[in-house]
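See structure below.
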Amino acid sequence: MEPVSDILLSWFAREGRDLPWRRTRDPYRIWLSEVILQQTRVAQGLEYYLRFTERFPDIAALAAAPEDEVLKLWQGLGYYSRARNLHAAARQVMSRFGGVFPATYGEVRALPGVGDYTAAAVCSIVYDAPCAVLDGNVYRVLARLFDIGIPIDTTAGKRTFAELAQLQLDTSRPGLYNQAIMDFGALQCTPAQPRCGDCPLAGRCLALAAGTVGVRPVKQGRAKVRDRWFNYLHVTCGGQTLLHRRGGGDIWQGLYEFPLIETDKAADFAELAATAAFRELLGNGRWHLRRSVTMPGHQLSHQLLHAVFHRIECDAMPAFPSVETAALGGYALPRLIDRYLTKYQM
DNA sequence: AAAGCGGGGCC
DNA sequence: GGCCCAGCTTT
């Protein structure tokens, strides 16, 4: 099977952005771009990169400038400790390394303002060091590709993802690979509305298959997504369908759906048929279960819905207070219901 | 392990 | 208007 790294690299060759710091292997410029791009989008950082490289074409020029001038040039970018550390690091390179940017991971990592991410990025891109980067994009791509639910903002999560990222690294061209997976996260595997429809990894993406793309990566700090199990009874009699309108105090207020039996975990049909709700609805009539359909996980903002539809045909329509009998057209339906109907062309 | 650090984009 | 994004340093 084609390695994931090859798919990412061919995607990068097609779709990767042409950016000024990708046209150089000057360690100063790579380092400068990485510091600017910490917590900053490319669209915002680009003009600052151009401004800095014009005013300070090399690290000696940066080191020679007063700190105030560096801060002024940084104005508007935020996180001003980045600018102070940038300037201090430039001066260290002049005083401790004779003006030559250090070439080992340990030395680069020890510069002020350089953490694991920036050291790996600089050393892989400039020196072909086999160091996998781990930034927000990489967390997201790996969490989805392997459907990993371990929170990324915990010690165990960071260690797990660091090991996985290192395993995935294409060590024959680490710099190119690192840029590819980060651009892939920024452009294709985006936090919101990822482009799964034209994703070259769609067939290999475990989160896409599981319906968990929207909840990957998991972060501890965020409100927890609650799992709910919705068992719908799609009851028909002739051309008529049982519909129920949702009330307040929950999702989809005022929308219509099929009669619903919610359980606290996955339930098979026999378990449902034994519930009081089911017997109240269908206990008195004759009915036949035609088929059961399990939908992919349906992601809402704070809930992950696991829905199963049981299609039931009745000899006579049951009468039940909270249920209406209707044709489906004209009723506002949750997307989950609409997807079920579309998928099975009903 | 957790807090502090800006600014911008999106719904 | 509120939520999300995110790497490094400090505590």
Side-chain angles (χ1 to χ4, degrees), chain A residues 17 21 30-49 51-52 67 70-92 102 105-125 131-144 148 150-162 165-166 178-179 181-195 213-226 251-252 299-304 335:
Chain A
R17 292 170 287 191
W21 49 86
I30 301 297
W31 164 63
L32 174 64
S33 73
E34 291 300 341
V35 173
I36 288 175
L37 292 174
Q38 292 165 7
Q39 288 91 29
T40 304
R41 287 175 167 81
V42 166
Q44 192 199 1
L46 179 56
E47 80 172 87
Y48 285 85
Y49 174 83
R51 184 189 298 181
F52 266 77
E67 187 187 85
V70 177
L71 285 169
K72 176 66 180 173
L73 218 55
W74 198 268
Q75 182 178 296
L77 254 192
Y79 286 110
Y80 296 93
S81 65
R82 288 187 291 168
R84 287 193 300 274
N85 286 329
L86 185 82
H87 186 238
R91 293 195 161 177
Q92 281 189 19
Y105 180 89
E107 288 169 331
V108 174
R109 175 67 177 78
L111 293 171
V114 175
D116 291 340
Y117 163 76
T118 303
V122 170
C123 292
S124 66
I125 293 169
C131 309
V133 294
L134 193 51
D135 76 341
N137 293 305
V138 178
Y139 277 121
R140 188 167 57 253
V141 171
L142 295 179
R144 286 173 175 168
I148 298 170
I150 304 169
I152 62 172
D153 54 353
T154 61
T155 304
K158 286 175 167 62
R159 194 188 66 243
T160 299
F161 278 88
Q166 196 61 35
N178 278 336
Q179 294 181 81
I181 192 170
M182 289 191 287
D183 239 26
F184 184 82
L187 299 178
Q188 185 83 35
C189 195
T190 51
Q193 279 109 42
R195 297 165 50 192
V213 170
V215 295
R216 297 285 181 264
V218 172
K219 293 178 188 178
Q220 203 174 49
R222 258 198 301 197
K224 253 202 324 218
V225 174
R226 178 162 64 117
I251 55 170
W252 299 334
Q299 188 60 55
L300 301 175
S301 58
H302 292 85
Q303 303 183 17
L304 177 59
R335 265 168 74 91

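Atoms considered below: every heavy atom in the structure, side chains included; atoms not considered: hydrogens, waters and symmetry mates. Residue numbers start from 1 in every chain, and the chains themselves are labelled A, B, ... in the order their sequence lines are given, proteins ahead of strands.
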*Identify the two heavy atoms, one from A:Arg109 and one from A:Asp116, that lie closest to each other, and give their separation to 0.1 Å.*
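Looking at all heavy atoms of both residues, the shortest contact is NE-OD1, 2.8 Å.
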*Where is the tightest heavy-atom contact between A:Pro191 and A:Arg144, given as atom of each residue plus distance?*
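A:Pro191 and A:Arg144 have their closest heavy atoms at O-NH2, 3.2 Å.
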_Looking at A:Lys219, I'd like to know whether one of its side-chain N or O atoms comes within less than 4.0 Å of OP1 or OP2 on C:dC4._
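Result: no.
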*Taking the P atom of each, how far is C:dT11 from B:dG6, in whole Å?*
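My reading of the P atoms in C:dT11 and B:dG6 gives 15 Å.
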*With rounding to whole Å, what would you report as the distance between C:dA6 and B:dC11 at their P atoms?*
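So the two P atoms sit 15 Å from each other.
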*Quick one: on DNA chain B, does A:Arg82 or A:Ala156 contact a more 5' nucleotide (nearest heavy atom)?*
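Per heavy-atom nearest nucleotide, the more 5' residue is A:Ala156.
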_Nearest-nucleotide 5' precedence on DNA chain B, A:Ser81 against A:Gln193_ =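 That would be A:Ser81.
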*Without swapping roles, check the side chain of A:Asp183 against the backbone of A:Arg17 for a donor-acceptor pair under 3.5 Å.*
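Yes: the side chain of A:Asp183 pairs with the backbone of A:Arg17.
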Calculate the interatomic distance between [X] atom [atom1] and [N] atom [atom2]; express it in whole Å.
{"X": "A:Leu86", "N": "C:dT9", "atom1": "CG", "atom2": "P", "answer": "12 Å"}
{"X": "A:Leu77", "N": "B:dG9", "atom1": "CG", "atom2": "P", "answer": "12 Å"}
{"X": "A:Glu47", "N": "B:dG8", "atom1": "CD", "atom2": "P", "answer": "10 Å"}
{"X": "A:Leu134", "N": "C:dC8", "atom1": "CG", "atom2": "P", "answer": "10 Å"}
{"X": "A:Ile152", "N": "C:dC4", "atom1": "CD1", "atom2": "P", "answer": "13 Å"}
{"X": "A:Trp74", "N": "C:dC8", "atom1": "CH2", "atom2": "C1'", "answer": "12 Å"}

*Contacting residues from residues 37-44 of chain A, given that a heavy atom lies under 4.0 angstrom of DNA chain C*: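 Per residue number, the list reads A:Gln38, A:Gln39.
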*Can you check whether A:Tyr79 and A:Trp74 have ring centres sitting under 6.0 Å from each other?*
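Here the rings of A:Trp74 and A:Tyr79 have centres that are no less than 6.0 Å from each other.
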*Look at the side chain of A:Asn85 and decide which nucleotide, out of C:dA6, C:dG7, C:dT9, has an atom nearest to it.*
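Taking heavy atoms from C-beta onward, the closest nucleotide is C:dT9.
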_Among C:dT9, C:dA6, C:dC8, the nucleotide that comes nearest once only the side chain of A:Arg109 is considered_ =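 Nearest to the side-chain atoms of A:Arg109, counting from C-beta on, is C:dT9.
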*A:Phe184 side chain near A:Asn137 side chain, heavy-atom distance below 4.5 Å*: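 No, every pair of side-chain atoms sits at 4.5 Å or beyond.
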When all nucleic acid strands are considered with a 4.0 Å heavy-atom cut-off, which category describes [X]: base, sugar-phosphate, or nothing?
{"X": "A:Tyr117", "answer": "sugar-phosphate"}
{"X": "A:Thr154", "answer": "nothing"}
{"X": "A:Glu34", "answer": "nothing"}
{"X": "A:Arg84", "answer": "nothing"}

*Please, which pairs that meet salt bridge (Lys or Arg N to Asp or Glu O under 4.0 Å) have at least one residue in residues 30-42 of chain A, sequence neighbours excluded?*
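Sorted pair list comes back empty.
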